[in-house]
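Some notes on the structure that comes next.
Bear in mind that the values here come from a model prediction, so they are computed numbers and not experimental data.
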Amino acid sequence: MDYSNLRRQAASLKKGLFDQGHLDEQFRQVEDLQDEASPNFVEEVVVVFFKDSGRLITNLEQALEKYPRDFNRWDAYMQQLKGSCSSIGASRMKNECMSFRDSCGQRNVEGCMGSFQKLKREHAVLRQKLESYFQLLRQAGPAGAATRPVM
């Protein structure tokens with residue numbers, strides 16, 4: 001197996017995540033916390049993020065149905081999700097959270113619903129791309145985990 005090719009593919013995929021605005025500098029800061037003692041730290045953080053964010057999205061979806069026009073409740077859920085997005089550098093998701101919260105402040109149901117649908121799409125896209133990225137890193141082996149693209 002060509003491990004250097006796998007490392008290049010992983011680096012290219014990660015560069016694309018930054019170039020397309022899916023991730024921001026916070027993700028690099030999370031990466032900086034990874035070391036030999038915890039070689040899978042970033043992947044573990046991302047797995048926890050998707051578990052928690054999936055739960056928050058489900059909770060918000062239920063609140064949108066069960067509590068129509070309860071903008072304070074909706075905003076509280078979205079504030080939690082925005083914090084999670086910020087903590088790993090999920091930039092596009094964070095932006096949709098802010099858009100949703102702006103719509104809550106304007107008491108704009110349609111704006112909230114539109115932002116929520118975009119947020120769910122961004123969540124699915126980011127999840128798929130990061131799963132592919134970490135799969136490439138696992139296939140490339142330990143040296144792949146330490147490779148950072150030149151930006």
Side-chain angles (χ1 to χ4, degrees), residues 9-140 144-151:
Q9 287 177 29
S12 176
L13 181 55
K14 183 170 109 177
K15 183 178 184 319
L17 287 167
F18 282 95
D19 291 349
Q20 296 165 13
H22 291 286
L23 296 175
D24 63 23
E25 187 59 33
Q26 182 62 32
F27 187 81
R28 287 192 181 100
Q29 292 179 17
V30 173
E31 286 182 313
D32 289 343
L33 298 173
Q34 183 165 297
D35 58 20
E36 292 171 10
S38 54
N40 299 318
F41 178 76
V42 177
E43 185 173 8
E44 291 166 5
V45 167
V46 168
V47 166
V48 169
F49 165 76
F50 281 112
K51 180 181 175 197
D52 289 346
S53 61
R55 177 185 49 79
L56 287 168
I57 287 171
T58 298
N59 290 347
L60 181 55
E61 201 157 37
Q62 292 169 351
L64 291 171
E65 291 175 20
K66 189 174 180 180
Y67 305 103
R69 304 190 67 80
D70 188 344
F71 295 101
N72 291 334
R73 183 183 303 263
W74 298 356
D75 187 61
Y77 280 119
M78 194 55 77
Q79 176 63 23
Q80 285 181 295
L81 184 55
K82 179 180 166 265
S84 293
C85 294
S86 295
S87 71
I88 72 150
S91 183
R92 280 191 178 183
M93 283 186 64
K94 179 183 75 175
N95 291 342
E96 286 306 326
C97 290
M98 292 187 309
S99 177
F100 181 98
R101 295 190 73 217
D102 288 345
S103 292
C104 278
Q106 298 166 8
R107 304 187 67 74
N108 178 349
V109 173
E110 293 79 21
C112 288
M113 297 302 178
S115 292
F116 185 61
Q117 292 308 313
K118 289 178 187 174
L119 173 72
K120 290 194 307 185
R121 282 192 298 274
E122 289 298 336
H123 184 264
V125 167
L126 184 60
R127 179 180 214 134
Q128 183 271 320
K129 289 182 183 243
L130 284 175
E131 284 174 354
S132 296
Y133 171 67
F134 288 117
Q135 182 178 10
L136 283 170
L137 286 182
R138 284 190 301 275
Q139 291 172 351
T147 301
R148 292 183 86 173
V150 177
M151 299 200 191

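Using a distance-only test at 3.5 Å, with no hydrogens or angles considered, a donor-acceptor pair links the side chain of S86 to the main chain of K82.
To the nearest 0.5 Å, the span separating CG on L23 from NZ on K129 amounts to 10.0 Å. Going from atom CD of E122 over to atom CZ of R127 covers 14.5 Å, rounded to the nearest 0.5 Å. The distance from the OG atom of S115 to the CG atom of D102 is 8.0 Å, given to the nearest 0.5 Å. For the atom pair CG (L13) and CZ (F18), the distance works out to 11.0 Å, reported to the nearest 0.5 Å. Rounded to the nearest 0.5 angstrom, S84 OG and M93 CE are separated by 8.5 Å. Distance check, rounded to the nearest 0.5 Å: CD of Q34 to OG of S38 gives 6.5 Å.
By the 4.5 Å heavy-atom criterion applied to side chains, D70 and N72 are counted as neighbours. Counting heavy atoms from C-beta outward, V46 and F27 have side chains that approach closer than 4.5 Å. Using a 4.5 Å cut-off on side-chain heavy atoms (C-beta onward), L119 and L81 make contact. Looking at F116 and L64, their side chains come closer than 4.5 Å, going by heavy atoms from C-beta outward. Q26 is not listed as a side-chain neighbour of I88, based on a closest heavy-atom distance of 4.5 Å or more. In this structure, F41 and V30 have side chains that are in contact, with non-hydrogen atoms separated by less than 4.5 Å.
A salt bridge links E61 and K120; the closest N-O separation between the charged side-chain nitrogens and carboxylate oxygens is under 4.0 Å. In this structure, R28 pairs ionically with E25, as a charged nitrogen and a carboxylate oxygen lie closer than 4.0 Å. Between E96 and R92, no side-chain nitrogen of the basic residue sits less than 4.0 Å from a carboxylate oxygen of the acidic one, so the salt-bridge criterion is not met. Taking 4.0 Å as the cut-off between side-chain N and carboxylate O, E31 and K14 count as a salt-bridged pair.
Here the shortest heavy-atom pairing between L126 and L17 reads CD1-CD2, 4.2 Å. Closest non-hydrogen pair, L60 versus Y77, comes out as CD1-CB, 3.9 Å. Here the shortest heavy-atom pairing between A63 and R73 reads CB-CD, 4.1 Å. For the pair C104 and W74, the tightest heavy-atom approach, listed with the atom from each and the gap, is SG-CB, 4.0 Å. Heavy-atom minimum distance, C97 versus C85: SG-SG, 4.2 Å. Here the closest heavy-atom approach between residue P39 and residue E36 is recorded as CD-O, 3.4 Å.
Annotation: salt bridge (charged side-chain N to carboxylate O under 4.0 Å, His left out) contacts of R121 (sequence neighbours excluded): none.
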Please list every donor-acceptor pair under 3.5 Å in which a side-chain atom of residues 49-58 meets a protein atom from a residue at least two apart or in another chain.
from: S53; atom 1: OG; to: F49; atom 2: O; distance (Å): 2.8
from: S53; atom 1: OG; to: F50; atom 2: O; distance (Å): 3.4
from: S53; atom 1: OG; to: H123; atom 2: NE2; distance (Å): 2.8
from: T58; atom 1: OG1; to: G54; atom 2: O; distance (Å): 3.0

_Worked verdict on N108 versus E110 for side chain to side chain contact (heavy atoms under 4.5 Å, CB included)_ = CA-CA 6 Å; N108 178 349; E110 293 79 21; 3.4 Å; yes
*What's the verdict on side chain to side chain contact (heavy atoms under 4.5 Å, CB included) for F134 and N40, showing C-alpha distance, side-chain angles and the deciding distance?*
CA-CA 10 Å; F134 288 117; N40 299 318; over 6 Å; no
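Cation-pi contact between R107 and F71: absent, since separation from the ring centre below 6.0 Å together with deviation from the ring axis within 45° is not met.
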